[in-house]
Novice: 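Structure below; questions to follow.
Order of listing sets the numbers, starting from 1, for every ligand and every atom in it.
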Amino acid sequence: MSAKLTPAVFLDRDGTIIEDRGHLRSPSEVVFFPDTVRALQRLHAHFRLFVVTHQRGIADGIVSSAEVARVNEHTVAELRRRGVVITEVYCCPHRRDEGCVCIKPKPYFLEEAARRYGLDLARSFVVGDHPHDVVLADNAGATGIYVLTGHGAKHRAELPECKAVVPGIREAADWILACREWRLRENDDPGLMTRAADILRHGGVVAFPTETVYGLGAAAFDEKAVARIFEVKRRPRFDPLIVHVSAPEQLPLLVEEVPAAAQALIDRFWPGPLTLVLPRTSAVPDLVTAGLPTVAVRMPRHPVALELIDRAGTPVAAPSANPFGHTSPTTAQHVHDQLAGKVDLVFDGGPCSVGVESTIVSLVSAAPVLLRPGGLSVEDIEAVIGPLGKALRHKRGAAPAPGMLDRHYAPRTPLKLLDRGEAPGAHVCGRVGLLASQAAPCPSSFAAVEVLSANGDLREAAANLFGAMRRLDARGLDCIVAEPVPDSGLGRAINDRLRRSAAPARGD
Ligand code: TXA
Ligand code: MG
């Protein structure tokens with residue numbers, strides 16, 4: 001493989017980068033997904049971009065090739081205006097029964113692009129909302145990523161073996177960039193993944209990236225290995241762990257049954273930031289579940305996590321890779337800062353894209369219950385299975401129910417959470433840092449300011465949250481004041497973390 005060859009991303013058009021609104025005849029019908037431009041800007045920095053589209057409406061006489069060409073030119077021009085260069089648009093105008101060479105999943109266009117532009121297809125990706133896009137990738141020796149926008153959700157059952165199933169183009173970009181980070185690490189440190197998997201197989205502890213936060217993993221059925229997680233984290237044994245799988249097919253090892261509501265959530269949201277609490281099998285060690293008759297399970301949406309679990313050949317029990325009660329890590333450096341020397345390996349897979357932990361839903365009783373707000377919004381979950389009940393909070397002084405400890409995620413610096421609309425200035429005495437939700441006050445009377453998201457994007461705010469808390473914590477401040485964010489979507493998870501960071505310490 002020549003070092004000069006370039007990696008590329010081949011993008012399907014309809015349902016992947018623009019809305020699928022049938023056969024488009026005019027530029028005015030083009031509607032980009034809200035995440036498209038930003039996602040392609042991020043990819044464009046490292047990959048050559050192509051569009052590969054199938055427009056059988058031309059063969060069927062529904063649209064003309066001139067109309068399709070105008071729509072494609074407009075799409076390319078709009079992206080170029082935003083700094084994204086599409087090197088070439090490849091379009092197959094044929095019906096399947098015409099037996100052309102260029103129809104997906106034949107790799108014709110990819111091979112042509114590889115010859116013409118000197119591409120390394122083995123380091124390239126295809127993103128699309130049709131199973132053909134994933135097979136196309138396989139046929140070209142590239143990696144396929146399946147988006148659930150467009151026709152993606154409808155055709156998912158026809159998808160051949162593919163773990164890279166993501167909600168849309170934004171998460172497709174996250175996946176591709178995570179693969180790139182992984183490749184860079186393997187280049188520096190050949191055999192890294194093999195070593196990490198070997199460590200897990202032999203009872204060791206590995207810190208690894210997921211899309212939410214870094215996890216501290218051990219083989220879930222190896223009680224001694226799991227015990228080391230508790231030691232390293234100094235975690236009380238009454239706090240059970242989440243078990244990570246690389247495919248829903250591994251569930252029978254862990255859970256007695258998968259109720260219909262759980263299956264519906266798995267079909268829609270796995271892989272992703274959703275943990276399900278289900279009745280456990282007797283194979284799951286008591287240490288993992290803290291003696292509960294249930295187990296928490298999730299399939300993460302990160303290529304390194306999935307490959308690691310696969311190669312280890314076992315589900316992996318993993319809490320967040322931080323000392324108990326402290327801020328969760330969203331980069332490998334965060335793990336090094338807090339747990340250096342205590343774990344067998346820290347796998348650097350780049351920054352976590354979601355940035356807050358998974359949402360936890362219990363499906364043990366008839367009515368599903370929200371145990372922890374997190375990286376998947378409650379609104380998204382309720383759209384699939386209806387209203388979620390709230391978990392009952394523990395009484396003061398009683399043993400805390402799992403996942404509901406008052407004080408958690410906390411920096412060392414005392415943190416004061418403001419009420420909504422409360423001015424931060426009133427709390428300035430001594431060296432105070434501000435964790436601003438959106439705009440920083442100007443001029444600032446604060447010793448340090450971190451802004452979660454300048455334009456109020458809650459997903460960006462979640463991704464920045466723990467990093468921003470750590471940076472403020474490192475400034476030697478007397479106190480941090482934090483503004484809450486709007487309490488909807490990911491905002492609930494962010495406010496939950498801020499509230500728990502602000503709770504008075506109880507000696508953990
Ligand atoms: O995003 C995440 O979920 C991350 C990454 C690494 O996957 N993991 C994570 O783990 O946040 P941890 O241990 O920090 O939080 C797991 C929470 C705990 O608060 C625990 O009490 C709860 O899940 N939990 C685990 N098993 C449970 C069970 N059987 N019933 C109720 N809650 C449970
Ligand atoms: Mg499509």
Side-chain angles (χ1 to χ4, degrees), residues 205-218 220 226 229-230 232-246 254-256 269-281 284-302 304-306 308-309 315-330 334-335 347 349 352-365 368-376 391-392 394 399-409 462-463 465-466 490 493 496-497 500 508:
V205 172
V206 174
F208 64 97
T210 81
E211 78 282 23
T212 57
V213 300
Y214 273 72
L216 186 61
V226 172
I229 294 179
F230 285 86
V232 169
K233 266 191 78 109
R234 289 198 260 121
R235 180 177 173 116
R237 298 244 174 154
F238 61 71
D239 197 6
L241 305 179
I242 295 173
V243 179
H244 296 67
V245 296
S246 60
L254 300 161
V255 310
E256 282 296 343
F269 298 118
W270 277 14
L274 172 66
T275 295
L276 302 176
V277 173
L278 294 165
R280 68 152 165 150
T281 62
V284 184
D286 277 340
L287 189 54
V288 170
T289 69
L292 293 170
T294 57
V295 62
V297 193
R298 95 174 184 96
M299 177 181 175
R301 189 177 63 219
H302 194 291
V304 167
L306 293 173
L308 183 60
I309 299 164
V316 172
S320 51
N322 53 281
F324 180 68
H326 288 261
T327 313
S328 299
T330 51
H334 294 164
V335 181
F347 197 128
C352 302
S353 56
V354 173
V356 290
E357 299 83 349
S358 60
T359 304
I360 306 182
V361 175
S362 169
L363 293 141
V364 171
S365 46
V369 172
L370 176 70
L371 295 183
R372 176 176 76 181
L376 179 66
L392 296 173
H394 63 276
M404 298 173 68
L405 297 165
D406 283 335
R407 182 174 165 80
H408 213 146
Y409 315 108
L465 177 67
F466 290 134
L490 285 193
D496 170 79
R497 304 305 185 265
R500 289 172 203 259
D508 60 26

Novice: For ligand 1, is there an atom lying under 4.0 Å from some heavy atom of Arg235?
Specialist: yes
Novice: Out of all atoms in ligand 1, which are within 4.0 Å of some heavy atom of Ile360? Include the element for each.
Specialist: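 Near Ile360, meaning under 4.0 Å from one of its heavy atoms, ligand 1 has 17 (C), 22 (C), 23 (O).
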Novice: Which of the listed options, Pro240, Ala207, Cys352, holds the heavy atom that is closest to atom 25 (C) of ligand 1?
Specialist: Pro240
Novice: Identify, by atom number and element, the atoms of ligand 1 in contact range of Leu292, meaning under 4.0 Å from any of its heavy atoms.
Specialist: 28 (C), 29 (N), 30 (N)
Novice: With respect to Asp239, determine whether any N or O atom, backbone or side chain, lies less than 3.5 Å from an N or O atom of ligand 1.
Specialist: yes
Novice: When you measure from the side chain of Glu211 to the backbone of Arg301, do you find a donor-acceptor pair of N or O atoms at a distance under 3.5 Å?
Specialist: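 Judged by distance alone, yes, a pair lies under 3.5 Å.
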Novice: Under 4.0 Å from a heavy atom of Thr212: give me the atoms of ligand 1 that qualify, with their elements.
Specialist: 1 (O), 2 (C), 4 (C), 5 (C)
Novice: According to the side-chain hydrogen bond (donor to acceptor under 3.5 Å, both in side chains) rule, which pairs have a member within residues 286-295, sequence neighbours left out?
Specialist: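 Only Arg280-Asp286 qualify under side-chain hydrogen bond (donor to acceptor under 3.5 Å, both in side chains).
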Novice: Taking side chain as C-beta onward, heavy atoms only, is Ile360 less than 4.5 Å from Ile242?
Specialist: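 Touching, per the 4.5 Å side-chain cut-off.
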Novice: Considering only heavy atoms of His244, which atoms of ligand 1 have at least one such atom less than 4.0 Å away?
Specialist: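 Taking each heavy atom of His244 in turn, ligand 1 has 5 (C), 6 (C), 7 (O) under 4.0 Å.
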Novice: Check Thr294 against ligand 1 and report side chain, backbone, both or neither, counting heavy atoms closer than 4.0 Å.
Specialist: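 Contact part for Thr294 vs ligand 1: both backbone and side chain.
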Novice: Heavy-atom distances under 4.0 Å decide this one: backbone, side chain, both or neither, for Arg280 against ligand 1?
Specialist: neither
Novice: Are any of the heavy atoms in Leu371 under 4.0 Å away from ligand 1?
Specialist: yes
Novice: When you compare the side chain of Val245 with that of Trp270, does any pair of heavy atoms fall below 4.5 Å?
Specialist: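 Yes, side chains in contact.
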Novice: Any carboxylate oxygen within less than 4.0 angstrom of a Lys/Arg side-chain nitrogen, looking at Glu357 and Arg298?
Specialist: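 No, Glu357 and Arg298 are not salt-bridged.
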Novice: Give yes or no for whether the N/O distance cutoff of 3.5 Å, strictly under, is met between Ser320 and ligand 1.
Specialist: yes
Novice: Do the non-hydrogen side-chain atoms of Ile309 and Pro300 ever get within less than 4.5 Å of each other?
Specialist: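 SC-SC contact between Ile309 and Pro300 confirmed.
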Novice: When you measure from the side chain of Thr210 to the backbone N and O of Thr212, does any donor-acceptor pair fall under 3.5 Å?
Specialist: yes
Novice: Measure from NZ or CZ of Arg237 to the centre of the six-membered ring of Phe230, then state whether that distance is under 6.0 Å and the direction lies within 45° of the axis.
Specialist: yes
Novice: Quiz question: by atom type and distance under 3.5 Å, do the side chains of Thr327 and Arg497 form a donor-acceptor pair?
Specialist: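 Arg497 and Thr327 do not have a side-chain donor-acceptor pair below 3.5 Å.
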Novice: Hey, is ligand 1 close enough to Thr210 that some N/O pair sits below 3.5 Å?
Specialist: no
Novice: Considering only heavy atoms, does Leu241 approach ligand 1 within less than 4.0 Å through its side chain, its backbone, both, or neither?
Specialist: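 The part of Leu241 near ligand 1 is the backbone, not the side chain.
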Novice: Any sub-3.5 Å donor-acceptor pair from Thr330's side-chain atoms to Gly355's backbone N or O?
Specialist: no
Novice: State the atoms of ligand 1, each with its element, that fall below the 4.0 Å cut-off from a heavy-atom position in Ile242.
Specialist: 3 (O), 8 (N), 9 (C), 10 (O), 16 (C), 23 (O)
Novice: Suppose I only count heavy atoms of Arg372 and a 4.0 Å limit; which atoms of ligand 1 are within that range?
Specialist: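 Here the atoms of ligand 1 in question are 2 (C), 3 (O), 9 (C), 11 (O), 15 (O), 16 (C), 17 (C).
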